[in-house]
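Residue indices begin at 1 and follow the sequence shown.
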Amino acid sequence: MCGAQETVDRLAAAGLSAQVTTKTSVPWSPVLRSRRIWLERQGLAGEAEEWEELVVIRAQHL
């Protein structure tokens with residue numbers, strides 16, 4: 001939903017060295033499930049989505 005590569009690109013544009021260091025997929029939490037209709041209406045989730053990808057981004061000042 002958040003666009004990890006877009007975040008890395010924005011950090012790089014701000015003068016940081018950034019990269020995704022790890023990622024994993026997990027089932028949707030109760031919070032996301034409770035917001036399903038809103039997420040679908042915003043175009044952030046499809047009807048059948050049940051999993052989300054979590055990423056860790058490391059950024060360092062050059």
Side-chain angles (χ1 to χ4, degrees):
M1 283 183 227
C2 69
Q5 188 57 52
E6 181 180 345
T7 300
V8 168
D9 293 344
R10 287 182 176 194
L11 289 166
L16 300 170
S17 170
Q19 64 186 24
V20 173
T21 59
T22 191
K23 56 184 159 180
T24 190
S25 292
V26 297
W28 274 21
S29 68
V31 172
L32 280 180
R33 286 193 306 267
S34 73
R35 290 170 171 78
R36 172 180 291 285
I37 293 171
W38 182 86
L39 291 165
E40 289 174 2
R41 287 182 182 157
Q42 299 302 309
L44 298 170
E47 292 180 29
E49 285 189 53
E50 296 287 334
W51 290 77
E52 63 180 312
E53 184 176 63
L54 302 179
V55 299
V56 175
I57 297 172
R58 179 182 175 156
Q60 292 181 279
H61 188 269
L62 297 174

Q.
Looking at L62, I want to see if its CG is surrounded by more than 12 non-hydrogen atoms of other residues, nucleotides or ligands under 6.0 Å.
A. yes
Q) How about E50 and R36: do any of their side-chain heavy atoms sit closer than 4.5 Å? A) yes
Q) Linking I/L/V/M/F/W/Y whenever any side-chain heavy atoms sit under 4.5 Å apart, do I57 and L54 land together? A) no
Can you give the donor-acceptor pairs under 3.5 Å from side chains of residues 2-9 to other protein atoms, not counting sequence neighbours?
residue: Q5; atom: NE2; partner: D9; partner atom: OD1; Å: 2.8
residue: E6; atom: OE2; partner: R10; partner atom: NE; Å: 3.3
residue: E6; atom: OE2; partner: R10; partner atom: NH2; Å: 2.8
residue: T7; atom: OG1; partner: G3; partner atom: O; Å: 3.3

(Q) If you compare all heavy atoms of W51 against all heavy atoms of V26, which two are closest, and at what distance to 0.1 Å? (A) CE3-C, 3.1 Å
**Q.** W28 with V55, same ILVMFWY side-chain cluster at under 4.5 Å
**A.** no
Q) Under a single-linkage definition using a 4.5 Å side-chain heavy-atom cutoff for Ile, Leu, Val, Met, Phe, Trp and Tyr, are L16 and V20 assigned to the same hydrophobic cluster? A) yes
Q) Between atom CD1 of I37 and atom CD of Q42, what is the distance when rounded to the nearest 0.5 Å? A) 12.5 Å
Q. Distance from L44 atom CG to E49 atom CD, nearest 0.5 Å?
A. 9.5 Å
